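Below is one structure, written out as structure tokens; the observations come after it.
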Amino acid sequence: MSNFNNHPFHLVDYSPWPLTGAIGTLTLTAGMVKWFHNFNFFMVLIGYTIVLLTMYQWWRDICREGTYQGKHTNLVAKGLRWGMILFIVSEVFFFISFFWAFFHSSLAPNIEIGMSWPPMNIVPFNPFQIPLLNTIILISSGISITWAHHAIMDNNYTQTLQGLLLTIILGIYFTILQAYEYNQAPFTISDSIYGSTFFMATGFHGLHVIIGTIFLAICFLRHLNNHFSSTHHFGFEAATWYWHFVDVVWLFLYISIYWWGF
């Protein structure tokens, strides 16, 4: 059977990775329940191992399809762009739910939390300490990733590597500072609606920073192996969009939860 098609679409090959990914996430979820109730971490490690191996091999196959096999035509790349746009839109609504919960309780605090915001006995973080530093870090990373994106479009691969590396370092620095902030937190996730909305919103944002940092690190390694060109770099472009989304969400988090809620 010929490998050439008379259409520009990419019909994906049979792959075991959706199945192994589902098995891995199921194992991870069951393992976390077991960890929470029985303090047994073994199944969580198995789940993480399956998920990470699946991620590596699935991404490897997609890189081969787009880079070496020529299956990511202009029409396919357009579809991938729309897919990424819709994914980011879904993430926007995901965070809207946290902001909704925060403003629902903060604009009209009820008697259960002392009719005040922050609730009684809650000492919030000073927004002009670590939160402000993290804001500067993320804004700077947005500038550096934009620099890298424009550099690759201008065929300046050295500056692309420099911009990517700087963004990855800033992302790791942000994560370290947020972990330190959590360690020093004077309240917990179980401390009324304030603790719940604070840790859910900032925690999921922190998870997105970690995912975005991994995304950019993969792009960094791919760029080292000459996978990208000025006209064929959708993986890098998608990572850039995702990172800008993470930046914008943090600005809303900082202004509303840290600064306004202080």
Side-chain angles (χ1 to χ4, degrees), residues 28-29 31-49 51-52 55 91 94-95 97-99 101-103 105-106 109 113-114 116-142 144-145 165-217 242-243 245-262:
L28 184 58
T29 305
M32 293 188 78
V33 172
K34 192 173 179 63
W35 179 32
F36 293 161
H37 289 274
N38 299 331
F39 305 102
N40 188 328
F41 199 68
F42 180 69
M43 189 177 285
V44 173
L45 292 177
I46 295 175
Y48 270 127
T49 302
V51 169
L52 290 173
M55 288 165 57
E91 291 282 275
F94 175 75
F95 278 99
S97 64
F98 297 131
F99 286 110
F102 174 80
F103 284 112
S105 296
S106 61
I113 58 175
S116 64
W117 193 264
M120 295 177 65
N121 301 321
I122 294 289
V123 180
F125 288 103
N126 187 335
F128 302 107
Q129 294 180 347
I130 290 180
L132 180 59
L133 177 58
N134 269 342
T135 303
I136 295 170
I137 289 170
L138 273 192
I139 291 174
S140 302
S141 70
S144 62
I145 194 63
L165 182 60
L166 179 58
T167 309
I168 293 166
I169 291 171
L170 290 172
I172 294 171
Y173 187 30
F174 176 93
T175 302
I176 292 171
L177 284 175
Q178 190 169 40
Y180 174 77
E181 181 184 66
Y182 278 11
N183 187 53
Q184 300 297 316
F187 55 90
T188 68
I189 194 171
S190 60
D191 283 327
S192 78
I193 186 64
Y194 186 91
S196 299
T197 53
F198 176 86
F199 281 105
M200 287 295 288
T202 60
F204 269 109
H205 176 268
L207 180 62
H208 281 70
V209 171
I210 293 171
I211 293 169
T213 305
I214 295 171
F215 203 170
L216 292 171
Y242 189 83
W243 196 256
F245 157 74
V246 168
D247 285 351
V248 172
V249 169
W250 174 258
L251 290 176
F252 280 99
L253 282 173
Y254 177 74
I255 292 170
S256 59
I257 294 179
Y258 283 101
W259 182 60
W260 182 82
F262 177 55

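Note that the structure is predicted; figures quoted are calculated from it, not measured.
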From Thr175 OG1 over to Ile210 CD1, what is the distance, rounded to the nearest 0.5 angstrom? 5.0 Å
For Ser105, the side chain to side chain contact (heavy atoms under 4.5 Å, CB included) test, sequence neighbours excluded, returns Trp117, Ile193
Is there a donor-acceptor pair closer than 3.5 Å between any side-chain N or O of Tyr254 and the backbone N or O of Pro127? yes
Counting only heavy atoms from other residues, nucleotides and ligands, does the tally under 6.0 Å from CZ of Phe95 exceed 12? yes
Is any side-chain heavy atom of Pro124 closer than 4.5 Å to one of Tyr194? yes
How far apart are the closest heavy atoms of Ser192 and Ile113, and which atoms are they? CB-CG2, 4.2 Å
For Phe198 and Phe102, run ring pair (Phe, Tyr, Trp, His ring centres under 6.0 Å): C-alpha distance rounded to whole Å, both residues' side-chain angles, the deciding distance at 0.1 Å, then the answer. CA-CA 8 Å; Phe198 176 86; Phe102 174 80; 9.3 Å; no
Can His205 and Gln178 be counted as having a side-chain donor-acceptor contact under 3.5 angstrom? no
Evaluation steps, side-chain contact (heavy atoms from CB on, under 4.5 Å), between Leu28 and Tyr48: CA-CA 6 Å; Leu28 184 58; Tyr48 270 127; 3.9 Å; yes
Over all atoms of both residues, closest heavy-atom pair of Ala201 and Phe98: CB-CB, 4.0 Å
Take a 6.0 Å sphere around OH of Tyr173 and say whether it holds more than 12 heavy atoms from other residues, nucleotides or ligands. no
Closest non-hydrogen atom pair, Gly142 against Trp243: N-NE1, 4.2 Å
Which atoms form the tightest heavy-atom contact between Thr213 and Ile172, and what is the distance? CG2-CG1, 3.9 Å
How many angstroms lie between NZ in Lys34 and CZ in Phe42, if you round to the nearest 0.5 Å? 10.5 Å
CZ of Phe41: more than 12 outside heavy atoms within 6.0 angstrom? yes
Kindly give the heavy-atom pair with the smallest separation between Asp247 and Ser141, and that separation in Å. OD1-OG, 3.7 Å
Other residues, nucleotides and ligands only: do more than 12 of their heavy atoms fall within 6.0 Å of CG on Asn121? no
Taken to the nearest 0.5 Å, the spacing of Asn134 CG from Ile139 CD1 works out to 11.0 Å
Look at the aromatic rings of Trp260 and Phe103 and report parallel, tilted or perpendicular, splitting at 30° and 60°. tilted
Is it true that Thr202 and Tyr182 share a donor-acceptor pair across their side chains at a distance under 3.5 Å? yes
Drop me the distance from Ile257's CD1 to Phe125's CZ, to the nearest 0.5 angstrom. 12.0 Å
Give me the atom names and distance for the closest heavy-atom approach of Leu45 to Thr49. O-OG1, 2.7 Å
Begin with the C-alpha distance, continue with both residues' side-chain angles, and end with the deciding distance and a verdict on side-chain contact (heavy atoms from CB on, under 4.5 Å) for Thr135 and Leu251. CA-CA 7 Å; Thr135 303; Leu251 290 176; 3.9 Å; yes
Taken to the nearest 0.5 Å, the spacing of Phe204 CZ from Glu91 CD works out to 10.0 Å
Carefully, step by step, assess Met43 and Trp35 under the rule side-chain contact (heavy atoms from CB on, under 4.5 Å). CA-CA 8 Å; Met43 189 177 285; Trp35 179 32; over 6 Å; no
CG/Leu253 to CZ/Phe99 distance, rounded to the nearest 0.5 angstrom? 4.0 Å
